[in-house]
Structures are given as structure tokens and as C-alpha cells.
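The structure appears right after this line, and notes come after that.
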Amino acid sequence: SGDYYIRVSTNWMNNFIENDASVSKIKLINSERLVDRPADKIGYDFQLLPEGGHLVSDTENTVGFKLVNSQGLGVTFDEGFVLDEAEKVVVAFSSNSLGMGKFDLTPLSGKEYRARVILKGGEEVSGVLPKINTKGLSIQVNNEQKDSLQLTLNTNRATLRTIKSQLYYLLVHQNQRSKIIPLSIGADQLSTRVMLSRGELYSGINVLTVFNGNTPVLERLVYNDVQGKIVDHVQVSELNRKKDSLIMSVSVPRRSNVSYDLSISVLPGETR
């Protein structure tokens with residue numbers, strides 16, 4: 001008896017960087033043992049997610065958070081705090097209506113931090129922030145501007161002493177398409193700002209990866225508004241059936257200098 005997890009994925013998912021697998025928690029009860037059914041109690045999952053994948057000491061970092069209950073629903077709260085080892089409040093934060101949000105934090109080297117949330121009923125939920133690296137880069141993305149995307153790369157003085165002759169670049173990629181953008185990080189720059197025009201991004205979800213030489217050091221998913229319009233004048237007809245195959249004809253309006261992106265879903269005929 002006990003709690004188990006089922007992870008479900010397909011081989012097709014291995015073609016992409018994004019982890020689209022689903023994880024579900026189940027409880028198994030061994031019928032040969034006498035088990036007292038515990039009283040139903042709502043549990044909470046408090047996730048603390050540094051932007052870019054990790055925290056760096058002595059520089060500004062952004063941490064995203066998500067609080068969900070055992071039913072998978074987001075839990076909103078108005079009082080959240082980041083505490084240091086001396087139980088001193090370093091940062092105060094609150095969530096949106098879905099139990100999500102973010103806060104900025106400049107952790108000091110050699111210290112540990114934890115976050116505490118006070119729910120509206122008075123119950124407390126806490127979580128420990130991930131390990132803090134003494135060297136490295138942190139990333140902060142501002143995706144609120146209409147015409148551009150702003151990236152800020154932050155570091156500390158311990159990293160600057162080893163960064164002088166190193167080559168950094170930004171890879172913007174989506175499936176099989178990619179662009180390389182050089183990054184200029186000076187030996188005396190604790191913060192580097194990079195502006196990308198919307199035209200340098202692909203429509204939809206972009207993966208931004210910062211490389212040091214051939215080594216990826218930071219990664220962030222960014223959504224760029226889809227350009228173009230959805231075509232509603234599409235005609236689909238069946239031409240032929242052959243064993244396990246369907247041959248279809250798809251017709252869209254013919255316009256000069258216009259290309260179309262189509263997606264197709266194949267389902268059993270009795271699917272509702």
C-alpha cells in the first residue's frame with residue numbers, strides 16, 4: 001500500500017525539447033492488509049521555479065511560483081513571504097486568481113531561504129528555494145512590450161572574474177527552425193540588457209537558450225503572438241481509401257505570397 005506515480009508519454013514527444021509528459025498520483029491499497037482509510041484532507045503542492053532554471057547569489061533573480069491543491073486546482077492567497085535563516089522577511093508577495101505569480105530576489109552567498117504562504121483560512125504552506133549557485137547568470141524576461149522582447153542577464157562579481165574571454169550567444173529556436181544572436185557580456189558588466197524585435201521571434205512558443213561556447217547555461221520559453229489570420233474557407237474531401245490509409249484533398253484560397261500552416265488530427269469515426 002502507498003502512493004505511486006504514473007508518468008505517461010509517447011515516443012513522438014522525444015522529438016521536442018518541451019516536456020509534455022503527464023504525471024498522475026494514485027493511491028494503491030493492498031487488500032491483504034488491514035488499512036485504516038485516512039480522513040480526506042486537502043494537500044498542497046507549492047512550486048518555486050527560478051526563471052532560467054537556477055538561482056545565482058549576490059544578483060537579482062526572478063522566481064515564479066505556483067500553488068495547487070490535491071485536486072489540481074490553483075489556490076489564491078494574499079500573504080506570501082520569503083524568509084532567511086534568521087526568519088527575517090526578505091520579500092513579500094501574493095498570487096493571482098490561479099495561485100500563480102512571481103517575485104524578485106537577491107539571495108546572499110552562503111544563505112538558505114524558504115517561502116511561506118498564509119492561506120485565507122489561516123493554514124500555512126511552505127517551500128524551500130532551490131540551491132543557490134555562487135557563480136553563473138540569471139535571466140529576466142519582459143514580454144509585455146508590443147514591438148520588442150527585453151532580456152536582462154544578471155551576474156555577480158565572482159563570475160565576472162572568470163567571464164573575460166568567454167563567448168556567449170542566444171539561440172532562438174522553434175522545432176527545426178533557429179537563429180543565433182551574439183551576446184556581448186563585458187568584463188565589468190553586472191547586468192546586460194538585450195532587446196529583440198518581434199520579427200526576430202517565431203510565431204507561437206519560442207525557446208530561448210543562452211550558450212557559453214557549446215554549453216547551454218540558461219533556458220526560457222517565451223510566447224510570441226501568432227501573426228496572420230485563421231483561414232475559414234478550407235475545403236477537405238476524401239479521394240481514396242487504401243488499407244490503413246486515407247488520401248485527402250485540402251483546398252485553401254490561392255493568394256500570391258501567402259503560405260499556410262495546417263494541422264491535422266485523425267480520430268476514430270465514432271469519437272464524440
With clusters defined by side-chain heavy atoms of hydrophobic residues (ILVMFWY) lying less than 4.5 Å apart, directly or transitively, does Phe65 cluster with Phe81?
no
Heavy atoms, side chains only, cut-off 4.5 Å: are Lys66 and Asp45 in contact?
no
Steps toward side chain to side chain contact (heavy atoms under 4.5 Å, CB included) verdict (Leu83, Val90):
CA-CA 6 Å; Leu83 308 171; Val90 180; over 6 Å; no
Apply side chain to side chain contact (heavy atoms under 4.5 Å, CB included) to the pair Thr192 and Leu137, showing each step before the final yes or no.
CA-CA 10 Å; Thr192 302; Leu137 297 174; over 6 Å; no
Tell me which pairs pass salt bridge (Lys or Arg N to Asp or Glu O under 4.0 Å) where either residue lies in residues 166-182, with sequence neighbours left out.
none
In the structure I gave you, are the side-chain heavy atoms of Leu218 and Arg220 within less than 4.5 Å of one another anywhere?
no
Under 3.5 Å, is there a donor-acceptor pair between the side chain of Ser95 and the main chain of Gly101?
no
Only one of Ile139, Leu221, Leu149 forms a side chain to side chain contact (heavy atoms under 4.5 Å, CB included) with Leu208, so which one is it?
Leu149
CD1 (Ile181) and CG (Leu151) are apart, to the nearest 0.5 Å, by 8.5 Å
Please assess Glu200 against Val172 for the test side chain to side chain contact (heavy atoms under 4.5 Å, CB included), listing each intermediate value before the final yes or no.
CA-CA 8 Å; Glu200 295 180 276; Val172 180; over 6 Å; no
How far does CG of Leu196 sit from OG of Ser148, to the nearest 0.5 angstrom?
8.5 Å
The single option from Leu129, Val128, Leu67 passing side chain to side chain contact (heavy atoms under 4.5 Å, CB included) against Leu48
Leu129
Can you name the nearest heavy-atom pair linking Ser184 to Gln189, along with the distance?
O-OE1, 3.9 Å
Check ion pair Asp58-Arg157 (N to O, under 4.0 angstrom):
no
Could you go through the side chain to side chain contact (heavy atoms under 4.5 Å, CB included) check for Val56 and His54 one step at a time?
CA-CA 7 Å; Val56 180; His54 58 256; 3.7 Å; yes
Val91 vs Asp104 side-chain heavy atoms within contact, under 4.5 Å
no
Following the transitive rule for hydrophobic clusters with a side-chain heavy-atom cut-off under 4.5 Å over Ile, Leu, Val, Met, Phe, Trp and Tyr, establish whether Val194 and Ile180 coincide in one cluster.
no
I need the full list of side-chain hydrogen bond (donor to acceptor under 3.5 Å, both in side chains) pairs touching residues 204-216, with sequence neighbours left out, sorted by first then second residue.
Gln166-Asn212, Tyr168-Asn212, His173-Thr209, Thr209-Glu219
Tell me whether Glu238 at atom CD has more than 12 heavy atoms from other residues, nucleotides or ligands lying less than 6.0 Å away.
yes
Parallel, tilted or perpendicular for Phe93 and Phe103, by the 30°/60° rule?
parallel
Between Leu55 and Leu108, is there shared hydrophobic-cluster membership here, with clusters defined by ILVMFWY side-chain heavy atoms closer than 4.5 Å?
yes
Are Asn154 and Ser191 close enough, and set up right, to give a side-chain hydrogen bond (donor to acceptor under 3.5 Å, both in side chains), and what steps lead you there?
CA-CA 5 Å; Asn154 299 320; Ser191 184; 3.0 Å; yes
Residues, nucleotides or ligands: over 12 heavy atoms within 6.0 Å of Glu124 CD
yes
Using side-chain heavy atoms (C-beta onward) and a distance below 4.5 Å, is Asn156 in contact with Ser57?
yes
Note, Pro50 side chain near Asn61 side chain (heavy atom, < 4.5 Å):
no
Does one side chain, of Asp78 or Ser94, offer a donor that lies under 3.5 Å from an acceptor on the other?
no
Taking the side chain as every heavy atom from C-beta outward, state whether Leu119 and Val125 have any atom pair closer than 4.5 Å.
yes
To the closest 0.5 Å, what do you measure between NZ (Lys25) and CD1 (Ile6)?
13.0 Å
Examine Leu246 and Val236 and state if one hydrophobic cluster contains both, with Ile, Leu, Val, Met, Phe, Trp and Tyr joined whenever side-chain heavy atoms are less than 4.5 Å apart.
yes
Output for pair (Leu105 CG, Glu60 CD), nearest 0.5 Å, gives 9.0 Å
Tyr169 vs Phe211 aromatic rings, parallel, tilted or perpendicular, using cut-offs 30° and 60°?
parallel
What closest approach, in Å, do Asn96 and Thr76 show between heavy atoms, and which atom pair accounts for it?
O-OG1, 3.1 Å
Could you state the interatomic distance from OG1 (Thr62) to CG (Leu49), rounded to the nearest 0.5 Å?
12.5 Å
If only atom types and distance count, is the side chain of Asn19 paired as donor or acceptor with the main-chain N or O of Ala21 below 3.5 Å?
yes
Is the number of heavy atoms from other residues, nucleotides or ligands within 6.0 Å of CD1 (Ile264) greater than 12?
no
Neighbour count >12 (heavy atoms, 6.0 Å) for atom CD, Glu112
no
May I have the step-by-step check of ring pair (Phe, Tyr, Trp, His ring centres under 6.0 Å) for Tyr44 and Phe77, ending in yes or no?
CA-CA 13 Å; Tyr44 298 96; Phe77 59 87; over 10 Å; no
Is Met100 linked to Ile118 within one hydrophobic cluster, defined over Ile, Leu, Val, Met, Phe, Trp and Tyr using a side-chain heavy-atom separation of less than 4.5 Å?
no
Can you tell me how far NZ of Lys111 sits from CD1 of Ile132, rounded to the nearest 0.5 angstrom?
10.5 Å
